[in-house]
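What follows is one structure encoded as structure tokens, with my remarks underneath.
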Amino acid sequence: MIHIDPKNQSERDNYKLLTGSIIPRPIAWVTTLADNGKVNAAPFSYFNIVTSDPPMISVSVQRKQGERKDTARNAVREGEFVVQIGGESSIAKLNLTAANLPPEESEVEHAGLTVVPSDMVRVPGIGEAKIRMECVLEQAIPLGGTETSPSTDLLIGRIVRFHVDDTLLDEGRILADVLQPVSRLAGSNYARLGETFSLERPQ
């Protein structure tokens with residue numbers, strides 16, 4: 001084993017170890033509203049479930065030179081956002097929304113995506129996604145970096161509405177093989193859902 005002290009290497013080297021080790025990672029495809037009314041969209045793989053009572057999810061949005069990215073800034077200002085789950089059918093357009101566009105431009109328009117209205121929040125969703133989760137911002141927690149210049153914003157969203165394509169549901173459960181989710185690996189690499197297996201939990 002090689003023993004590595006993260007304090008003795010760069011942020012980029014730590015990033016490579018994390019993104020290469022913690023795989024596969026689900027992708028949150030997040031839409032927010034810019035202050036000019038444009039719909040912002042971006043994918044984030046620092047994403048997971050927080051709790052199901054009430055349903056909450058977390059998305060970690062890394063800052064750029066200490067400044068909030070559009071997604072975090074919009075979510076904090078508006079107090080809401082929408083998380084989509086991208087599948088194989090939409091992965092090319094999801095990747096396009098990772099483009100570093102100016103705040104006044106819309107990644108949704110750039111990628112040629114369809115905007116659909118939400119029920120409980122003002123932020124629209126993406127019509128091409130088979131799962132959408134409307135969220136209100138429960139907490140935005142600045143973390144990392146220094147006290148005066150954090151390196152990330154941890155957004156915790158409380159889900160107030162699920163939208164699920166009817167082909168995905170079987171007695172309330174999501175059919176993963178129909179969803180065909182795509183996960184993030186390191187670098188420019190993604191992964192499809194591969195072979196699955198089951199193990200009974202011990203009593």
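Model, not experiment: these values are computed from the prediction. Note that these values count all heavy atoms, side chains included, but never hydrogens, waters or copies made by symmetry.
- Across every non-hydrogen atom of His110 and Leu96, the tightest pair is CD2-O, 3.6 Å.
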Practice item. Could you walk me through whether Trp29 and Ile91 pass side chain to side chain contact (heavy atoms under 4.5 Å, CB included), step by step? Key: CA-CA 10 Å; Trp29 200 6; Ile91 189 60; over 6 Å; no
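- Separation of atoms CD (Gln84) and NE2 (His163) is listed at 9.5 Å; rounding is to 0.5 Å.
- Applying the salt bridge (charged side-chain N to carboxylate O under 4.0 Å, His left out) rule to pairs touching residues 144-157 yields Arg63-Asp153, Arg68-Asp153, sequence neighbours excluded.
- Note on Val59: it does not cluster hydrophobically with Ile27, by side-chain heavy-atom contacts below 4.5 Å among ILVMFWY residues.
- Residues meeting the salt bridge (Lys or Arg N to Asp or Glu O under 4.0 Å) test with Glu11, sequence neighbours left out: none.
- Annotation: side chain of Ile57 is not in contact with side chain of Asn48 (no heavy-atom distance under 4.5 Å).
- The neighbour count for Arg122 CZ, taken as heavy atoms of other residues, nucleotides or ligands under 6.0 Å away, does not exceed 12.
- The same ILVMFWY cluster, assembled from side-chain heavy atoms under 4.5 Å apart, contains both Leu175 and Leu169.
- Nearest heavy-atom pair across Gly112 and Lys93 is O-NZ, 3.1 Å.
- What you find for Gly145 and Ser151 is that their closest heavy atoms are N-OG, 3.3 Å.
- Salt bridge Arg73/Asp70: present, at least one basic N to carboxylate O contact under 4.0 Å.
- Applying the side-chain hydrogen bond (donor to acceptor under 3.5 Å, both in side chains) criterion to Glu80, with sequence neighbours excluded, gives no partner residue.
- Thr51 and Asp53 share no donor-acceptor pair across their side chains, judged by distance under 3.5 Å alone.
- Residue Asn8 holds its CG atom at 11.0 Å from CG of Asp13, rounded to the nearest 0.5 Å.
- Here the side chains of Leu137 and Val76 are in contact, with some heavy-atom distance below 4.5 Å.
- Counting only distance, with no hydrogens or angles, the side chain of Asn40 and the backbone of Thr32 share no donor-acceptor pair below 3.5 Å.
- With rounding to the nearest 0.5 Å, the separation of CD1 in Ile131 from CG in Leu168 is 5.5 Å.
- Transitive grouping of hydrophobic side chains (ILVMFWY, heavy atoms separated by less than 4.5 Å) brings Val136 and Val123 into a common cluster.
- Between Thr97 and Val108 there is no side-chain heavy-atom pair separated by less than 4.5 Å.
- The closest donor-acceptor contact from the side chain of Ser52 to the backbone of Pro55 lies at 3.5 Å or more, if one exists at all.
- Across every non-hydrogen atom of Phe81 and Ala75, the tightest pair is CD2-CB, 4.0 Å.
- What you find for Ser58 and Leu154 is that their closest heavy atoms are CB-CD1, 4.0 Å.
- Between the CG atom of Leu185 and the CD1 atom of Ile22 there is a distance of 13.0 Å, given to the nearest 0.5 Å.
- By the 4.5 Å heavy-atom criterion applied to side chains, Val82 and Pro124 are not counted as neighbours.
- Atom OG of Ser45 is separated from atom CD1 of Ile23 by 11.5 Å, given to the nearest 0.5 angstrom.
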**Study point:** Derivation and outcome, side chain to side chain contact (heavy atoms under 4.5 Å, CB included), residues Arg77 and Asp35
**Key:** CA-CA 9 Å; Arg77 186 188 61 252; Asp35 56 9; 3.7 Å; yes
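- Checked by atom type, the side-chain pair Thr152/Gln62 shows a donor-acceptor distance below 3.5 Å.
- A 4.5 Å side-chain heavy-atom check between Leu179 and Lys130 finds at least one atom pair inside the cut-off.
- Summarising the geometry of Arg132 relative to Ile126, their closest heavy-atom pair is CD-O, 3.6 Å, with the distance given to 0.1 Å.
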Exercise for review: Start with the C-alpha gap between Arg158 and Val50, add the side-chain angles, then the distance that decides, and say whether side chain to side chain contact (heavy atoms under 4.5 Å, CB included) holds.
Suggested key: CA-CA 9 Å; Arg158 176 165 42 88; Val50 174; over 6 Å; no
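- Here Lys38 pairs with Glu109 under the side-chain hydrogen bond (donor to acceptor under 3.5 Å, both in side chains) rule; sequence neighbours left out.
- Considering SG of Cys135 and CE of Met56, their distance stands at 10.5 Å, rounded to 0.5 Å.
- Partners of Asp5 under the salt bridge (Lys or Arg N to Asp or Glu O under 4.0 Å) rule, at least two apart in sequence or in another chain, are Lys7.
- A heavy-atom distance below 4.5 Å is not found between the side chains of Phe44 and Leu155.
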Practice item. Please step through side chain to side chain contact (heavy atoms under 4.5 Å, CB included) for the pair Tyr190 and Asn95, ending with a clear verdict. Key: CA-CA 10 Å; Tyr190 293 84; Asn95 187 55; 3.3 Å; yes
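- Under the 4.5 Å side-chain heavy-atom criterion for Ile, Leu, Val, Met, Phe, Trp and Tyr, Val39 and Val121 are members of the same hydrophobic cluster.
- The closest side-chain heavy-atom distance from Glu134 to Ser118 is below 4.5 Å.
- Hydrophobic clustering, with ILVMFWY side chains joined whenever heavy atoms are under 4.5 angstrom apart, groups Val30 together with Phe162.
- Residues Ile85 and Met133 form a side-chain contact, since some pair of their non-hydrogen atoms from C-beta on lies under 4.5 Å apart.
- Residues Thr114 and Glu128 have side chains that bring a donor and an acceptor to within less than 3.5 angstrom of each other.
- Contacts classified as salt bridge (charged side-chain N to carboxylate O under 4.0 Å, His left out) and involving residues 174-200 (residues at least two apart or in different chains) are given here: Glu88-Arg192.
- The backbone N or O of Gly87 lies less than 3.5 Å from a partner atom in the side chain of Ser90, making a donor-acceptor pair.
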